[in-house]
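Just the heavy atoms: all of them, side chains too, but no hydrogens, waters or symmetry mates, feed the values below. Atoms within a ligand are numbered from 1 in the order they appear, just like the ligands themselves.
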Amino acid sequence: MNAFTEAIAPDIAHALQHGQPVVSLESTLIAHGLPWPSNLETARRSEQAVRDAGAVPATIAVLDGRVRIGLSDTELTLLAQADNVLKAGRRDLSPVLAGGRTAATTVSATLWIARSAGIGVFATGGLGGVHRRAAESFDVSTDLDELAQADGSLVVCSGAKTVLDLPATLEALETRGVPILGYQTDALPAFTSRTTGLPLEHRVDDPAEAAQVVAVHRRLGVPGAVVLVQQVPESDAPNDAIMNAALDDALAQADRLGITGKRLTPFLLARIHETTHGMSQTANVALIVANASLAAQVAVELARRA
Ligand code: PSU
Ligand code: MN
């Protein structure tokens, strides 16, 4: 029994009770990261990718003041379509629940809820991190602090979002003691870009090898999560020059409009999706689904070892 026992959908509760693999999925990318109807399609495809790999998907959100772990298709649709859905990081959870509000959960909130409910594997698109010019703005995502305290969790992603200061984000993860494993890569991917050229020290080449690292991390009791990063599939990777131009344009536009704080990431993603005529969006969807699949494959390996 824990605070979220009643929040868990029956199929997920059953899987957890029997030590079967479960993968949690965040909802901010549905409500704020992708436009309708591609967001709903992505949410459905991610869940299907988890099932196809032999695990149970657990999409997490807050509906009418209640944490929900596992959403029905009607609830997924509501989250994808509604325009009054809040974006909740970990610190927003208590006020959102107390106020009976509906919110999508970011990496930090989702990871915290998932771990509290006993779900140890999580998948997303790109992590939040240190924003450009953070030295003046202090804009550093709570995602990093949650990664530092999410003991024993595995987080599968495509690195951090290109809109961030990536070398600084890597440094911040190092400071917090968060190990990063490249999945079939020796460099940090940056979301829709296959590489940043920033070297990673650790690499694994299949799900069993990744599971082995997580198992050792858990056994030793080293604090924090393990991050597993993979590149966007080659066939869906957009042209880097076009993406960089779109990013510069989006950053300048955000500057002109004075958009900062938690509104910044959704604004930049939407603007880049627009100016690349969907190219970045196609890549964004592809990497999210691929990460859900990889997370499930590692979750299956972990369950086999338990
Ligand atoms: N990855 C995506 N799309 C997103 C996000 C990540 O592909 O929308 C979200 C995640 O939920 C992440 C959040 O936790 O952006 C970070 O927001 P901020 O930079 O405001 O901390
Ligand atoms: Mn921020």
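- In terms of protein heavy-atom proximity, atom 3 (N) of ligand 1 is closest to Leu29 CB, 3.6 Å.
- Nearest non-hydrogen protein atom to atom 21 (O) of ligand 1 is Ser141 OG, 2.7 Å.
- Among Leu287, Asp143, Leu144, the residue whose heavy atom lies closest to atom 12 (C) of ligand 1 is Asp143.
- Here the protein heavy atom with the shortest distance to atom 7 (O) of ligand 1 is Phe191 CE1, 3.2 Å.
- With Thr276 contributing its side chain and Ser280 its backbone, the two residues share a donor-acceptor pair below 3.5 Å.
- Partner of Asp145 under the salt bridge (charged side-chain N to carboxylate O under 4.0 Å, His left out) criterion, out of Arg90, Arg91, Arg176: Arg176 alone.
- Ring to ring, Phe122 and Trp112 are not that close: their centroids are 6.0 angstrom or more apart.
- Across all their heavy atoms, Ile60 and Ser24 have their closest contact at CD1-CB, 4.0 Å.
- Nearest protein heavy-atom neighbour of atom 8 (O) of ligand 1: Gly33 CA, 3.5 Å.
- Taking every heavy atom of His131 and a limit of under 4.0 angstrom, the matching atoms of ligand 1 come to 19 (O).
- Side-chain N/O atoms of Gln48 and Arg45 include no donor and acceptor closer than 3.5 Å.
- Judged purely by atom type and a 3.5 angstrom limit, Thr105 has no side-chain atom pairing as donor or acceptor with the backbone of Glu26.
- A donor-acceptor pair shorter than 3.5 Å can be found between the side chains of Asn291 and Ser158.
- Under the 4.0 angstrom criterion for non-hydrogen atoms, His32 is not in contact with ligand 1.
- The protein atom (non-hydrogen) at minimum distance from atom 1 (N) of ligand 1 is Gly126 O, 3.0 Å.
- Interface atoms of ligand 1 facing Thr28, defined by a heavy-atom separation under 4.0 Å, are 9 (C), 11 (O).
- Protein heavy atom in closest approach to atom 16 (C) of ligand 1: Lys161 NZ, 3.5 Å.
- Taking every non-hydrogen atom of Gly125 and a distance limit under 4.0 Å, the qualifying atoms of ligand 1 come out as 7 (O).
- The N, O or S atom of Asp139 lying closest to the Mn ion (ligand 2) is OD1.
- For a threshold of 3.5 Å applied to N or O pairs, the pair formed by Val107 and ligand 1 contains at least one separation below that value.
- Using 4.0 Å as the threshold, Leu269 has a heavy atom nearer than that to some atom of ligand 1.
- Judged purely by distance below 3.5 Å, without hydrogens or angles, the side chains of Gln297 and Ser293 pair a donor atom with an acceptor atom.
- Asp92 pairs with exactly one of Lys87, Lys262, Arg101 by the salt bridge (charged side-chain N to carboxylate O under 4.0 Å, His left out) rule, that one being Lys262.
- For atom 19 (O) of ligand 1, the closest non-hydrogen atom on the protein side is Thr265 OG1, 2.9 Å.
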Discussion item. Between Arg44 and Glu47, is the salt bridge (charged side-chain N to carboxylate O under 4.0 Å, His left out) condition met? List the steps.
Written reply: CA-CA 5 Å; Arg44 286 177 176 158; Glu47 292 203 345; over 6 Å; no
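- Here Asn284 has side-chain heavy atoms under 4.0 Å from ligand 1, and that is the only part of it that gets that close.
- For atom 17 (O) of ligand 1, the nearest protein heavy atom (residue, atom name, distance) is Lys87 NZ, 3.2 Å.
- Taking a cut-off of under 4.0 Å to the non-hydrogen atoms of Glu26, the atoms of ligand 1 that pass are 5 (C), 6 (C), 10 (C), 11 (O).
- With a 4.0 Å cut-off on non-hydrogen atoms, Thr106 touches ligand 1 through its backbone as well as its side chain.
- Judged by distance alone, the side chains of Ser193 and Asp240 do bring a donor and an acceptor atom under 3.5 Å apart.
- With respect to Arg133 and Asp139, no salt bridge is recorded, no charged nitrogen being found less than 4.0 Å from a carboxylate O.
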